[in-house]
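Worksheet for the structure shown next.
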Amino acid sequence: MNLAADNIRILSAAMVENANSGHPGGAMGGADFINVLYSEYLVYDPENPLWAQRDRFFLDPGHMSPMLYTTLMLSGKFSLDDLKSFRQWGSSCPGHPELNKMRGIENTSGPLGQGHAYAVGAAIAAKFLAAHLQNPAFEKERIYTYISDGGIQEEVSQGAGRVAGFLGLNNLIMFYDSNDIQLSTECAAVSTENTAMKYRAWNWNVITVNGNDITDIRKALDAAQKEATRPTLIIGKCVMGKGCRDDENKNYEHNCKTHGAPLGGKAFYNTIKNLGGNPDNPFVVYDGVKQLYADRKKELLTITAKRHEEEAEWARTHSKQAQKEQEWFEGKLPEIDWQNMQVKNGEPTRNASGTILEVLGKQVENMVCASADLCNSDKTDGFLKQTREIIRGDFGGNFFQAGVSEMTMSCCMIGMMLHGGVTTAMGTFFVFSDYMKPAIRMAALMEIPVKFIWTHDSFRVGEDGPTHEPIEHEAQIRLMEKVKNHNGRNSMLVLRPADVRETIVCWKMAYQNILTPTALILSRQKVQNLPEGVNYENATKGGYIVVDSLNPDIILLASGSEVSTLVNAAQLLQKDGIKYRIASIPSEGLFRSQSLDYQKQILPDNIKKFGLTAGLTVNLEGLVGSDGKVFGVNSFGYSAPFSVLDEKLGITAENVYQKILDYLKK
Ligand SMILES: Cc1ncc(C[n+]2csc(CCOP(=O)(O)OP(=O)(O)O)c2C)c(N)n1
Ligand SMILES: [Mg+2]
């Protein structure tokens with residue numbers, strides 16, 4: 001076992017040296033734990049990486065990727081050549097691990113703190129599936145995660161720790177690589193907290209061990225596996241850069257310098273020698289280590305053969321649930337009768353979403369909906385009405401009360417989907433999407449189709465004032481529509497529907513989008529329905545005509561509630577004999593993905609265009625063209641009733657009409 005850990009250390013250091021960039025120190029300290037985990041504890045099927053009830057390992061400090069790649073290489077998922085291409089163009093070993101379940105990488109990691117929070121979500125998913133499918137196989141599943149000083153310090157760990165303890169996630173086992181060193185300083189320079197006491201206060205089982213001692217690690221893992229009611233934190237006191245020697249062959253352990261740079265020349269040579277390797281040919285796997293992992297593979301094949309037998313037996317006696325399980329893991333969702341969805345006309349679009357969520361709550365058994373303590377405001381309580389809350393000891397509900405922790409909620413929902421078998425949506429106020437952005441970005445990068453339900457979408461929040469009034473948020477989030485994911489798609493779908501009927505179509509798109517995250521941006525205030533005759537189905541093109549005339553003099557365009565403001569302003573134009581077209585653009589990103597022909601059909605070049613937005617004018621500047629005009633709100637909002645704000649900020653039919661006339665006169 002010690003030979004294997006040293007082998008992981010040698011290979012990790014060699015990968016970084018070979019790439020001439022990377023992080024050797026942390027990986028070398030963590031080698032003992034990851035070796036014990038993969039060679040003795042983690043239960044996975046060497047022949048089926050997607051086995052639903054496999055144990056999962058979520059790495060938080062992605063910079064320690066060399067130890068993960070190396071261990072996965074020993075487990076047969078990577079080759080030595082892969083390790084040699086670490087951090088190079090096209091390599092399967094990018095600098096920080098990127099989601100690749102077929103190769104045993106359960107999550108993308110790098111932004112510290114998020115990785116272990118996904119693990120909390122995955123542990124919830126495992127318990128949810130055990131309860132909802134009544135399948136005991138999910139009770140055998142363990143979620144392991146690995147956190148470091150950086151993750152412990154990141155704020156999201158506060159939410160993840162609280163949630164895991166509160167829900168009593170005893171299927172969650174977290175190893176904390178407590179090496180007292182971080183990137184630029186020793187940990188003592190920034191913290192004196194008692195981490196063990198902190199986690200104990202959150203209802204965790206906390207065990208402190210020598211993180212480089214195999215016997216200690218085994219004992220802790222054994223105890224963690226037996227824990228019946230709490231998540232376990234194993235605080236492993238690890239030695240940063242274990243085995244490292246410097247240029248002069250002096251001890252180079254416990255040193256920040258090994259955090260993020262190759263050991264370099266002489267130091268590398270001395271270190272590899274010290275660890276028993278050959279500095280001139282470090283990319284070698286020792287025979288004994290090969291044997292260790294070959295033996296483990298055999299063992300795993302026996303373990304999983306037995307497990308698969310039990311599962312097959314269960315499936316025979318529970319054919320309906322087995323069928324469900326398969327569909328849930330394939331991501332198949334029940335057909336929803338969107339055509340006949342009933343919503344109340346003239347209501348806020350958040351209310352329409354609430355009504356839709358009632359239907360989803362009734363019909364989508366494997367859906368988990370969450371809210372960050374705003375369910376009665378963001379209307380996710382429509383969903384809650386149909387189910388009950390997930391609580392400690394009862395995972396038979398479908399609603400996750402995340403508490404006031406938007407980023408934790410986001411990570412948990414992403415983690416549930418990384419686990420598989422569930423689909424997720426979550427609500428909060430649009431302005432607080434700021435607290436979620438790091439997780440939104442990761443969902444977009446990993447292509448996880450979570451749904452974000454953001455209500456209170458403009459200054460029309462009103463009396464609560466500028467702290468609660470999103471101004472720049474639509475522009476911010478629409479940037480994600482412009483970023484392509486690695487499959488060439490818009491990395492996110494962002495929809496802001498114009499009225500309750502368009503909300504149905506947008507929710508349908510969100511529901512059916514299983515390739516990227518989707519955002520629904522919804523109004524707090526009532527929105528009048530668009531005129532009769534609108535073909536709402538065209539919203540699936542991202543932008544479409546809602547009112548038209550022959551040879552229009554001007555095209556008016558907007559998203560969300562401003563479309564109906566345009567409809568009212570246009571009625572005044574009519575009196576002046578001005579002919580207009582009104583386009584609703586719920587998603588510029590989706591609209592720009594249509595054929596150029598279609599785009600020109602809706603927004604031809606030779607007609608003047610006027611955009612209206614309750615946010616930054618940049619929201620629509622790309623749509624109106626260089627001679628177009630956008631009227632919007634380019635300052636923070638104010639505290640006042642929203643009808644007063646409408647007047648003061650000029651988002652009224654009368655004022656917009658005047659602005660259109662001014663523009664036409666130019
Ligand atoms: C959210 C976030 N902030 C900052 C960083 C940059 N960063 C990478 S590792 C690290 C700290 C490393 O300390 P630790 O987690 O203890 O890892 P070790 O030095 O022990 O390898 C920092 C600040 C990051 N990756 N993510
Ligand atoms: Mg550290």
Side-chain angles (χ1 to χ4, degrees), residues 8-9 12-13 15-16 21-34 58-71 87 94-98 107-119 145-161 174-193 195-196 208-212 233-244 252-263 271 406-408 410-411 414 434-443 445-446:
I8 293 171
R9 280 185 259 278
S12 295
M15 285 170 75
V16 175
S21 89
H23 306 78
M28 294 170 79
D32 300 279
F33 174 77
I34 198 163
F58 288 85
L59 183 67
D60 193 301
H63 68 275
M64 296 190 194
S65 61
M67 82 183 179
L68 180 60
Y69 293 137
T70 301
T71 309
R87 292 182 160 246
H96 293 79
E98 295 172 23
N107 64 299
T108 298
S109 55
L112 292 165
Q114 290 199 55
H116 83 287
Y118 306 148
T145 184
Y146 187 111
I147 194 170
S148 61
D149 299 304
I152 290 285
Q153 285 163 27
E154 272 300 339
E155 291 90 339
V156 68
S157 69
Q158 139 91 31
M174 179 155 87
F175 181 81
Y176 166 26
D177 176 351
S178 174
N179 61 18
D180 299 329
I181 297 279
Q182 50 196 82
L183 189 150
S184 61
T185 63
E186 296 204 9
C187 298
V190 299
S191 177
T192 53
E193 76 170 21
T195 306
T208 302
V209 301
N210 175 342
N212 298 112
L233 175 69
I234 302 170
I235 301 181
K237 297 308 297 180
C238 294
V239 177
M240 177 77 168
K242 186 159 171 53
C244 282
Y252 193 33
E253 294 176 338
H254 193 77
N255 193 319
C256 283
K257 285 187 192 146
T258 69
H259 163 86
L263 300 176
T271 299
E406 296 77 9
M407 186 166 161
T408 299
S410 311
C411 290
I414 292 167
D434 280 347
Y435 279 57
M436 306 162 94
K437 175 65 195 346
I440 298 167
R441 184 170 193 273
M442 291 293 276
L445 178 61
M446 290 190 279

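Everything numeric in this text was worked out from a predicted model, so none of it was measured. All values below were derived from every heavy atom in this structure, side-chain atoms included, with hydrogens, water molecules and symmetry-related copies excluded. Just so you know, ligand 1 is whichever comes first in the structure, and atom 1 is the first atom listed for that ligand.
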[X] versus [Y]: any side-chain heavy-atom pair under 4.5 Å?
{"X": "R87", "Y": "M15", "value": "no"}
{"X": "E154", "Y": "Q114", "value": "no"}
{"X": "H259", "Y": "H23", "value": "yes"}
{"X": "M28", "Y": "T271", "value": "yes"}
{"X": "Y176", "Y": "T195", "value": "yes"}
{"X": "L59", "Y": "Y146", "value": "yes"}
{"X": "D177", "Y": "M64", "value": "yes"}

Once rounded to 10°, what is the value of the angle centred on the Mg ion (ligand 2) between D149 OD2 and N179 OD1?
80°
Give the contacting part of Q182 toward ligand 1: side chain, backbone, both or neither, where contact means a heavy-atom distance below 4.0 Å.
both
Measuring from the heavy atoms of [X], does anything fall under 4.0 Å of ligand 1?
{"X": "G110", "answer": "yes"}
{"X": "P111", "answer": "yes"}
{"X": "M240", "answer": "yes"}
{"X": "Q114", "answer": "no"}

Quick one: look up the protein heavy atom nearest [atom] and list residue, atom name and how far away it is.
{"atom": "atom 20 (O) of ligand 1", "answer": "N179 ND2, 2.7 Å"}
{"atom": "atom 12 (C) of ligand 1", "answer": "H259 CE1, 3.4 Å"}
{"atom": "atom 7 (N) of ligand 1", "answer": "L183 CD1, 3.7 Å"}
{"atom": "atom 3 (N) of ligand 1", "answer": "E154 OE2, 3.9 Å"}

Please determine whether G29 has a backbone or side-chain N, O or S atom lying under 2.8 Å from the Mg ion (ligand 2).
no
Looking only at N/O atoms, are [X] and ligand 1 under 3.5 Å apart anywhere?
{"X": "P61", "value": "no"}
{"X": "G150", "value": "yes"}
{"X": "L112", "value": "yes"}

Just which atoms of ligand 1 are under 4.0 Å from any heavy atom in [X]?
{"X": "M64", "answer": "17 (O), 21 (O)"}
{"X": "H63", "answer": "9 (S), 15 (O), 17 (O), 18 (P), 21 (O)"}
{"X": "G26", "answer": "21 (O)"}

Could you walk me through whether E193 and Q153 pass the side chain to side chain contact (heavy atoms under 4.5 Å, CB included) test, one step at a time?
CA-CA 10 Å; E193 76 170 21; Q153 285 163 27; over 6 Å; no
Hey, looking at atom 15 (O) of ligand 1, which of P24, A27, S148, P438 has the closest heavy atom?
S148
Distance, nearest 0.5 Å, that separates NZ of K237 from CG of N210
10.5 Å
Using only atom types and a distance under 3.5 Å, with no angle test, would you say the side chain of E253 pairs donor to acceptor with the backbone of K242?
no
Donor-acceptor contact below 3.5 Å, side chain D149 vs main chain Q182
no
